[in-house]
Amino acid sequence: MTRAAVLGAGSWGTTFAKVLADAGCTVTLHARRPELVTAIQGSRENADYLPGVRLPDAVRATADAADALDGADVVVLAVPSQTLRANLTGWAPLLPGEASLLSLMKGVELGTTKRMSEVICEVTGAGPDRVAALSGPNLAREIAEEQPSATVIACTDTARAEALQAACHTRYFRPYTNADLVGCELGGAVKNVIALACGVAQGLGYGDNTRASLITRGLAETARLGTALGADPATFAGLAGLGDLVATCSSPLSRNRTFGEHLGQGMSVAQVEQITRQTAEGVKSCRSVLDLARAHGVDVPITEAVVRVCHEGESAGQMVREMMSREAKPE
């Protein structure tokens, strides 16, 4: 039986712990707060992030990282992307030597512009063949409620990807494999930025034409950047590209879309952060995505606009006016 450690007990980490257990794995879920561990163990529910969802008995919670990682075949990393390096520095000495390292994170590191798999390799010393990323239209609440969903596990090692696929395949969760780690990770990171823009448009009162335009041009933006970094363009037409983008830009369950909607209604980033409890990855990652694009000479106008609103004080209305007045170009 596969032993899995899930490091991070937010909504997605907790949901994926349930998926792994339902697929037949023995799972240890690591949470930072002992009181959350006590609550999960006592009620079989993570009421802070997934109220009303019962966790299988095969999921055990702990606040001790060494305990969680002991004997793990699969280590799942499910912390906010900008905290990965700091967390992983402490966990690295505890990692089992041959365990697969699976990233659930969708972001690009500030300062270094590294993808999450690159950060994992750098901090742990693991070879690229040990590191995989999971990406797709994976809204945590729907999966926790066992609504059918598909995803992609990307890894340069096909056999490892297939082993991870088997470890999380359930009657409601269908994983596919893909060797294009670069494309899958970029699709997951940039879609959060595009979802912020879609949320802004929603908050301003715009409708389906605006959202469809942003999704379509956002996909083109993502594909341009991915191609410049060596990704397979076909990846962006799949689950880790278009699939994830549509779900995140359209669903009220999307943290980034909801965050953007508040911005479009006139709230500041600080004000939105005060009323939301969960991380909207795109707010921070938009800056690192923009830095990455500029370093490779790639035009990313939607990302530039989101950075201006989130970090440079531009109003949402001004953002839309500037985007619509850009020089017309062939599609």
Please examine the side chains of Lys191 and Ser135, heavy atoms only from C-beta on, and report whether any two atoms are closer than 4.5 Å.
-> no
Taking atom CD of Glu98 as the centre, report whether more than 12 heavy atoms of other residues, nucleotides or ligands fall under 6.0 Å from it.
-> no
Shortest non-hydrogen separation from Ala154 to Leu181 and the atoms involved | O-CD1, 3.5 Å
Can you tell me how far the CE atom of Met319 sits from the CG atom of Leu204, to the nearest 0.5 Å?
-> 7.0 Å
Min side-chain heavy-atom separation Arg287-Leu110 under 4.5 Å = yes
Heavy-atom pair with the smallest gap, counting every atom of Cys168 and Val19 | O-CG1, 3.5 Å
Which atom pair, heavy atoms only, marks the closest approach of Gln82 to Val108?
-> NE2-O, 2.9 Å
Does a side-chain heavy-atom distance below 4.5 Å link Met323 with Leu214?
-> yes
How long is the gap from OG on Ser149 to CG on Leu239, to the nearest 0.5 Å?
-> 8.0 Å
Going through the checks in order, is the side chain to side chain contact (heavy atoms under 4.5 Å, CB included) test met by Val75 and Trp91?
-> CA-CA 11 Å; Val75 176; Trp91 294 331; over 6 Å; no
Is a side-chain N or O of Arg141 found less than 3.5 angstrom from the main chain of Ser11, in a donor-acceptor match?
-> no
Contact check, side chains of Arg60 and Asp67, non-hydrogen atoms, under 4.5 Å | yes
So, for Ala201 and Thr210, which heavy atoms are closest and what is the spacing to 0.1 Å?
-> CB-CG2, 3.8 Å
Scan side-chain atoms only and decide if Asn138 and Thr151 contain a donor-acceptor pair under the 3.5 Å cut-off.
-> yes
Below 4.0 angstrom, N of the basic side chain to O of the carboxylate: do Glu221 and Arg217 qualify?
-> no
Is there side-chain contact between Glu185 and Ser117, with at least one heavy-atom pair below 4.5 Å?
-> yes
Are Val289 and Leu225 close enough that some pair of their side-chain heavy atoms sits under 4.5 Å apart?
-> yes
Working for side chain to side chain contact (heavy atoms under 4.5 Å, CB included), residues His262 and Gln271 | CA-CA 9 Å; His262 289 308; Gln271 289 171 327; over 6 Å; no
Arg3 backbone acceptor or donor facing Asp73 side chain under 3.5 Å | yes
How long is the gap from CG on Leu84 to OG1 on Thr89, to the nearest 0.5 Å?
-> 8.5 Å
May I ask you to decide if Pro51's main-chain N or O and Glu45's side chain share a donor-acceptor pair within less than 3.5 Å?
-> no
Taking atom types as modelled and ignoring hydrogens, do the side chains of Arg130 and Thr124 form a donor-acceptor contact shorter than 3.5 angstrom?
-> no
List the atom of Ala240, the atom of Val152, and the distance in Å for their closest heavy-atom pair.
-> N-CG2, 4.1 Å
Any luck finding a side-chain donor-acceptor pair between Gln165 and Thr177 under 3.5 Å?
-> no
Of all the heavy-atom pairs spanning Ala61 and Gln41, show the shortest one and how long it is.
-> N-OE1, 3.0 Å
Within the distance-only criterion (no hydrogens, no angle test), does the side chain of Asn256 pair as donor or acceptor with the backbone N or O of Ala195 below 3.5 angstrom?
-> no
In this structure, OG1 of Thr62 is separated from CG of Leu29 (nearest 0.5 Å) by 9.5 Å
Side-chain heavy atoms of Thr248 within contact of Lys106, under 4.5 Å | no
Kindly indicate, with the supporting measurements, whether the criterion side chain to side chain contact (heavy atoms under 4.5 Å, CB included) is fulfilled by Thr15 and Tyr49.
-> CA-CA 9 Å; Thr15 294; Tyr49 295 101; over 6 Å; no
With side chains defined as the heavy atoms from C-beta onward, is the minimum distance between Val246 and Pro137 less than 4.5 Å?
-> no
Between Asp180 (side chain) and Asp232 (backbone), is there a donor-acceptor pair under 3.5 Å?
-> yes
Hey, any chance Val79 and Val76 share a hydrophobic cluster, counting ILVMFWY side chains that come within less than 4.5 Å of each other, even indirectly?
-> no
Can any side-chain N or O of Arg160 pair as donor or acceptor with the backbone N or O of Asp129 at less than 3.5 Å?
-> yes
Can you get from Met105 to Trp12 by hopping between Ile, Leu, Val, Met, Phe, Trp and Tyr side chains that sit under 4.5 Å apart?
-> no
Shared ILVMFWY cluster between Leu55 and Leu7, side chains joined below 4.5 angstrom?
-> no
Short side-chain to backbone donor-acceptor contact, His30 and Val6, under 3.5 Å | no
For the hydrophobic clusters of this structure (ILVMFWY residues joined by side-chain heavy atoms under 4.5 Å, transitively), does one cluster hold both Ile194 and Leu290?
-> yes
Worked check of side chain to side chain contact (heavy atoms under 4.5 Å, CB included) between Leu245 and Thr222 | CA-CA 10 Å; Leu245 183 64; Thr222 307; 5.6 Å; no
Would you call Asp291 and Arg294 a salt bridge, taking side-chain N to carboxylate O under 4.0 Å as the test?
-> no
When Glu109 is tested against each of Arg85, Lys114, Lys284 for salt bridge (Lys or Arg N to Asp or Glu O under 4.0 Å), which residue passes?
-> Arg85
Rounding to 0.5 Å, atoms SG (Cys310) and CZ (Phe259) come to a distance of 6.5 Å
In Å and rounded to the nearest 0.5 Å, what is the NE2 to CD distance from His169 to Glu162?
-> 13.5 Å
Would you please test Ser103 and Arg115 for side chain to side chain donor-acceptor pair (under 3.5 Å) and show each step?
-> CA-CA 10 Å; Ser103 167; Arg115 293 175 285 106; over 6 Å; no
Greater than 12 external heavy atoms within 6.0 Å of Arg32's CZ = no
Under 3.5 Å, is there a donor-acceptor pair between the side chain of Ser288 and the main chain of Thr113?
-> no
Check whether any side-chain N or O of Glu281 sits under 3.5 Å from a backbone N or O of Ser81 as a donor-acceptor pair, and report yes or no.
-> yes
Look at the side chain of Arg211 and the backbone N and O of Cys249, then say whether any donor-acceptor pair between them is shorter than 3.5 Å.
-> no
So if you build clusters from Ile, Leu, Val, Met, Phe, Trp, Tyr with side-chain heavy-atom gaps below 4.5 Å, do Phe16 and Val59 land together?
-> yes
